[in-house]
Amino acid sequence: MDIETRKDRLDQRINTAAQRAGRDPSTIRLLAVSKKQPAQSIRELAGFGQLAFGENYLQEAVEKIGTLSDLGLEWHFIGQLQRNKTRVVAENFDWVQSIDRAVLAERLSNQRPVDRPALNLCIQVRMSEETGKGGIVIDEIFPLAGIIDKLPRVNLRGLMTIPQNTSNVEKQRQSFRRMYAIFSDLKSRFHTVDTLSMGMSGDFELAIEEGSTMIRVGAALFGPRPA
Ligand SMILES: *Cc1c(COP(=O)(O)O)cnc(C)c1O
């Protein structure tokens, strides 16, 4: 299957899920997760109108951002971020969705070049008890949001979550529903918040039904990732 066909099928599935949920499909943004995909595939997809891309690995991402700078793409960093790597992120990306410590947001704000608009940030939330997946627990969201909200060169846009691996659809739905409730609460307290980033290739339809505003899709768009 080629990329255009995959994109069409994905758009159809998004529309169907939105309809089922009684939502306007235009309220759901698609982030194309292009990690490990060659720049040429990104260029091809951009030709079909997809302009927002997510990357996990810094060195790989910065090379592609340079190669594709003629396209005016919007780049989201969605990987684990180390504090000594914040400058290159602040200089190259438009969004960072994996904020799980105040120090990362503070450094990004300080290091954001003055000639670029404020950097958009999402707090990464860990919904399950599993450790090592990144993200903060629910109790820590509002204190961190309060700190980010006061920083001059970043905008708090919302929450991102990577759900636990489970085949239990009801459990998944409960977890998405809980995220949506927290997102609504956050939105009512911080006026810049408008983004709930949840749902990937395996679960985006469920995420749309439960109120996601941004789905992050890799495999269903590009096909399986090269090893
Ligand atoms: C890889 C990745 C995705 C996309 O996963 P697919 O299953 O390929 O859709 C989404 N979000 C994050 C944070 C990722 O690392």
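Here the structure is a predicted model, which means the values were calculated and not measured. Hydrogens, waters and symmetry mates play no part in the numbers below; they use all other heavy atoms, side chains included. First listed ligand is number 1; within each ligand, the first listed atom is number 1.
Proximity to Asn56 (heavy-atom distance under 4.0 Å) selects the following atoms of ligand 1: 14 (C), 15 (O). Close contacts of ligand 1 with Gly218, meaning ligand atoms under 4.0 Å from a residue heavy atom, involve 4 (C), 6 (P), 8 (O), 9 (O). Residue-ligand proximity, Ala219 to ligand 1, at heavy-atom distances under 4.0 Å covers atoms 6 (P), 8 (O), 9 (O). Interface atoms of ligand 1 facing Val217, defined by a heavy-atom separation under 4.0 Å, are 9 (O).
A side-chain N or O of Lys85 and one of Gln82 form a donor-acceptor pair less than 3.5 Å apart. Under the 3.5 Å distance criterion, with hydrogens and angles disregarded, no donor-acceptor pair is assigned to the side chains of Asp24 and Thr27. One side chain, Arg216 or Ser197, offers a donor N or O that lies under 3.5 Å from an acceptor on the other.
Geometrically, Arg13 does not engage Phe204 in a cation-pi contact defined by less than 6.0 Å to the ring centre and at most 45° from the axis.
Of the protein's non-hydrogen atoms, Met200 SD, 3.3 Å is the one closest to atom 10 (C) of ligand 1. Residue, atom and distance of the protein heavy atom nearest to atom 9 (O) of ligand 1 are Ser201 OG, 2.6 Å.
Considering both main-chain and side-chain atoms, Val33 never comes within under 3.5 Å of ligand 1 through any nitrogen or oxygen pair.
A 6.0 Å sphere centred on CZ of Arg20 holds more than 12 heavy atoms belonging to other residues, nucleotides or ligands. At most 12 heavy atoms of other shown residues, nucleotides or ligands fall within 6.0 angstrom of atom OH in Tyr180.
Ring planes of Phe77 and Phe93: perpendicular class, angle over 60° (limits at 30 and 60°).
Not close to ligand 1: Gln97, with no non-hydrogen atom less than 4.0 angstrom away.
For atom 12 (C) of ligand 1, the candidate residues are Leu31, Ile78, Asp203; the nearest heavy-atom contact is made by Ile78. For atom 14 (C) of ligand 1, the candidate residues are Lys35, His76, Arg216; the nearest heavy-atom contact is made by Lys35.
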